[in-house]
Amino acid sequence: QVQLVESGGGLVQAGGSLRLSCAASGRPFSGYAMGWFRQAPGQEREVVAAISWSGSNTYYVDSVKGRFTISRDNRKNTVYVQMNTLKPEDTAVYYCAADSRSWYSESLSMLLKEYDYWGQGTQVTVSS
């Protein structure tokens, strides 16, 4: 079992920045691919970014490319997403998730169903 706890959300003006953190505890974290997802009111949860166990392989949804950066520190059991040039449409609850079946694989999944451990989410609100 893996427990994930997100932090770093909040209210920011458009154009501002936030860094979200996701701390993992429980089973070994370093071998899992990790993803950041978001869900806005009335919308489906969508993938934002994903990172392989080594950090060598990353994925970003088109709407955040060039603005968001995903990273991880396996020594600290933590994954991050740096969010710059935030827009009102980035407003959502952000979740981190672990794909335990990716164990030490460089492949990434963008499918929610492939992620089996989830955090409780952190709210990000971007005002215009």
Side-chain angles (χ1 to χ4, degrees):
Q1 198 76 357
V2 175
Q3 292 79 43
L4 302 173
V5 179
E6 303 95 336
S7 61
L11 173 64
V12 63
Q13 288 188 332
S17 298
L18 284 173
R19 188 176 81 154
L20 305 184
S21 300
C22 173
S25 60
R27 299 192 67 182
F29 157 87
S30 60
Y32 298 160
M34 298 295 295
W36 282 100
F37 297 78
R38 66 186 179 187
Q39 187 168 19
Q43 298 188 19
E44 293 186 353
R45 193 171 299 188
E46 64 170 354
V47 64
V48 174
I51 188 168
S52 63
W53 74 272
S54 68
S56 298
N57 193 15
T58 58
Y59 165 84
Y60 298 94
V61 69
D62 285 347
S63 59
V64 307
K65 283 181 180 177
R67 299 189 298 122
F68 289 15
T69 303
I70 189 171
S71 62
R72 66 190 294 161
D73 186 339
N74 288 338
R75 296 167 301 173
K76 296 182 178 180
N77 286 350
T78 303
V79 62
Y80 308 95
V81 60
Q82 177 67 43
M83 308 186 296
N84 298 328
T85 319
L86 283 161
K87 304 176 181 180
E89 51 264 43
D90 294 317
T91 295
V93 178
Y94 284 70
Y95 300 88
C96 71
D99 176 6
S100 66
R101 288 165 288 187
S102 66
W103 191 244
Y104 286 108
S105 168
E106 289 296 332
S107 63
L108 292 174
S109 174
M110 280 62 80
L111 300 177
L112 273 69
K113 65 179 182 179
E114 299 293 331
Y115 289 80
D116 42 357
Y117 296 107
W118 291 83
Q120 83 289 348
T122 185
Q123 176 71 45
V124 171
T125 303
V126 184
S127 63
S128 57

Could you tell me the separation between the CG atom of Asn77 and the CG atom of Leu4, rounded to the nearest 0.5 Å? 10.0 Å

Under the rule for side chain to side chain donor-acceptor pair (under 3.5 Å), what residues qualify as partners of Asn57, not counting sequence neighbours? none

I want to check something: taking the side chain as every heavy atom from C-beta on, are Thr91 and Gln123 in contact at a cut-off of under 4.5 Å? yes

Answer yes or no: is there a donor N or O on one side and an acceptor on the other, between the side chain of Tyr80 and the main chain of Thr69, under 3.5 Å? no

Tell me the closest heavy-atom pair linking Ser109 and Ala50, and the distance in Å. O-CB, 4.4 Å

Under 4.0 Å between a Lys/Arg side-chain N and an Asp/Glu carboxylate O for Asp90 and Lys87? no

Under 3.5 Å side-chain donor-acceptor pair for Ser21 and Glu6: no

Less than 4.5 Å apart, side chain to side chain, heavy atoms only: is that true for Val81 and Met83? yes

Are Arg72 and Trp53 in a cation-pi contact, defined as NZ or CZ under 6.0 Å from the six-membered ring centre and within 45° of the axis? no

Looking at every heavy atom in both Met110 and Tyr59, which two are closest together, and how far apart are they? CG-CE2, 3.2 Å

Enter the distance from Leu18:CG to Phe68:CZ here, rounded to the nearest 0.5 Å. 9.0 Å

Calculate, to the nearest 0.5 Å, the distance between atoms CG and CE belonging to Asn74 and Met34 respectively. 9.5 Å

Are the aromatic rings of Tyr32 and Trp103 close, with centres under 6.0 Å apart? yes

Just do the side chain to side chain donor-acceptor pair (under 3.5 Å) check on Ser17 and Asn84 with the steps written out, would you? CA-CA 4 Å; Ser17 298; Asn84 298 328; 2.9 Å; yes

Scanning both residues in full, the closest heavy-atom pair of Val47 with Val61 reads O-CB, 3.6 Å

Side chains of Val2 and Phe29: closer than 4.5 Å at any heavy-atom pair? no

For residues Ile51 and Ser71, report the shortest heavy-atom separation together with the two atoms involved. CD1-CA, 3.7 Å

Does either side chain, that of Ser100 or that of Asp116, offer a donor lying less than 3.5 Å from an acceptor on the other one? yes

Parallel, tilted or perpendicular: which one describes the rings of Trp118 and Tyr95, with boundaries at 30° and 60°? perpendicular

Listed by chain and number, what are the side chain to side chain donor-acceptor pair (under 3.5 Å) partners of Ser105, not counting sequence neighbours? Ser107

From Cys96 SG over to Leu20 CG, what is the distance, rounded to the nearest 0.5 angstrom? 9.5 Å

Side chain to side chain, Phe37 and Val48, heavy atoms closer than 4.5 Å: no

Counting C-beta onward and ignoring hydrogens, is there a side-chain heavy-atom pair between Ser30 and Tyr104 closer than 4.5 Å? yes

Which atom of Leu86 lies closest to which atom of Arg67, heavy atoms considered: CA-NH1, 3.9 Å

Is a side-chain donor or acceptor of Thr125 paired with a backbone partner of Leu11 at a separation under 3.5 angstrom? no

Heavy-atom closest pair, residues Gln43 and Gln39: O-NE2, 3.2 Å

Heavy-atom side-chain contact between Arg38 and Glu46 under 4.5 Å: yes

Pair Ser52-Glu106, side-chain donor/acceptor within less than 3.5 Å: yes

